[in-house]
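Okay, so here's the structure we're looking at.
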Amino acid sequence: MRGEASRIADRVSRDSLAPKLKATGEDAWRVGNELFAVTDLLDHNVQVERALTDPARPAADKTTMVHTLLEGKAHPMTVEILDDLVQRRWSKPHDIANAVEDFGVDAMMYYADATGTTMKVSVELAELHSALLNMPVVRTRLYDEHSSAEARVALLHNVLSGNEISKVTMRLAEHATANQRHRRYLATIQWLINKLSRHMGESMVTVTTAAPLSDEQIDRLTKIYTKRTGHAVHINSVVDPTVLGGMRVQIGHEVNDNTVIAQLNKLKRSVQVTA
């Protein structure tokens, strides 16, 4: 969990540079890939992380280090983002890598915007998440820390072969596979879905049930949540056999769980409180 200083640094930096990053248009693809590479570099080099976040070190020294590492090798926007981040205060050295990754995902979303594929990416990630729920062996192998990143990415490509996946979806899935960042694979995919949902204005509504929803049910839910959110929504129907009765609805971070298990857990907590 990030400290308060890191959360502020991440948020303020991304808000201040968002217009410039968005303005890069299709160049955002290059920026996103470069930022994912920097994330990987920082994750595997504690010395560099500490050097770039040391509060006792002059900001000029840290920006000089950034330029030494990236000048002439990276897009100017990538360099500007790193220049901004190293001048901010971080609760822990590792938090700067989280911020760089956040910017990388933002860049990929802006590229999707520029190419008109944002909703497609969101739907494809949701479909990947849904498919992997029923593929526990594959899911485990995708975040097997004893397997090389190359082997995990090769497995991902085999799983997705034959599907017309957008390049942004593939790149995000590859990033989640190659650099695990101490997260479960499904947790990372869900995190990406949530970020895209917020980016689109909470347009993705994920409905989890034990059996597939009918077209009629999807139409009804679409109308309900379009009216509730005030804009068009896409219903992502997830089938999870472990869900007993009812449904779990998620919009961004908001979850409304009406499954039998959830209701039983609420009842159990209520009994414990009154006992």
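Taken to the nearest 0.5 Å, the CD1 atom of I81 stands 6.0 Å off from the CG atom of L17. For the atom pair E145 CD and H182 NE2, the distance stands at 9.5 Å (nearest 0.5 Å). One finds the CG atom of L35 at 8.0 Å from the CZ atom of F103 (value rounded to the nearest 0.5 Å). Atom CD in Q180 sits 11.0 Å away from atom CG in D43 (nearest 0.5 Å). From L133, atom CG reaches atom CG of L128 across 10.0 Å, with rounding to the nearest 0.5 Å. Atom CZ of R50 sits about 14.0 Å away from atom CD1 of I96, to the nearest 0.5 Å.
No option in R248, Q250, M247 other than R248 meets the side-chain contact (heavy atoms from CB on, under 4.5 Å) test with T208. Paired with L42 under the rule side-chain contact (heavy atoms from CB on, under 4.5 Å), one option of T39, D40, V38 passes, and it is V38.
When every heavy atom of R30 is checked against every heavy atom of K73, the shortest pair comes out as NH2-O, 3.8 Å. Closest non-hydrogen pair, S166 versus E124, comes out as OG-OE1, 2.9 Å. L155 and R141 make their closest contact through CD2-CB, 3.5 Å (heavy atoms, listed as atom of the first residue, atom of the second, distance). Of all the heavy atoms in A28 and A107, the pair that sits closest is CB-O, 3.3 Å. When every heavy atom of A112 is checked against every heavy atom of V121, the shortest pair comes out as CB-CG2, 4.3 Å. Heavy atoms only, all atoms of each residue included: M200 and S122 are closest at CE-OG, 3.4 Å.
With hydrogens and angles ignored, the 3.5 Å screen pairs no side-chain donor or acceptor of T177 with any backbone N or O of R152. The main-chain N or O of N33 is never found under 3.5 Å from a side-chain atom of R171 such that the two would form a donor-acceptor pair. Although no hydrogens or angles enter the test, the distance criterion places no donor-acceptor pair under 3.5 Å between the side chain of T117 and the main chain of K120. No donor-acceptor distance shorter than 3.5 angstrom exists from the side chain of S13 to the backbone of L85, with no hydrogens or angles considered. With hydrogens and angles ignored, the 3.5 Å screen pairs a side-chain donor or acceptor of T188 with a backbone N or O of R184. Side-chain atoms of S161 come within 3.5 Å of backbone atoms of N158 as a donor-acceptor pair (strictly under, hydrogens ignored).
Side-chain contact check for Q87 and D83: no donor-acceptor pair (N or O, by modelled atom type) lies under 3.5 Å. Side chain to side chain, D113 and H199 meet the donor-acceptor criterion of an N or O pair below 3.5 Å.
Ion pairing of D84 with R88 is present here, as a side-chain N (NZ or NE/NH1/NH2) and a carboxylate O approach within less than 4.0 Å. Salt-bridge check for E101 with R183: passed, with a basic side-chain N closer than 4.0 Å to an acidic carboxylate O. Salt-bridge annotation for R14 and D106: present, with a side-chain N of the basic residue lying under 4.0 Å from a carboxylate O of the acidic one.
Surrounding CZ of R89 are at most 12 heavy atoms belonging to other residues, nucleotides or ligands under 6.0 Å away. Atom CZ of R139 has more than 12 heavy atoms from other residues, nucleotides or ligands within 6.0 Å. Atom CG of D215 has 12 or fewer heavy atoms from other residues, nucleotides or ligands within 6.0 Å.
V153 and L41 fall into different hydrophobic clusters, where Ile, Leu, Val, Met, Phe, Trp and Tyr are joined by side-chain heavy atoms under 4.5 Å apart, directly or via other members. Clustering ILVMFWY residues whenever any of their side-chain heavy atoms sit less than 4.5 angstrom apart, transitively, puts I193 in the very cluster that holds M135.
Qualifying ring pair (Phe, Tyr, Trp, His ring centres under 6.0 Å) partners for F36, counting only residues two or more places apart in sequence or in other chains: H175.
Using a 4.5 Å heavy-atom cutoff, the side chains of Y110 and T24 are not in contact.
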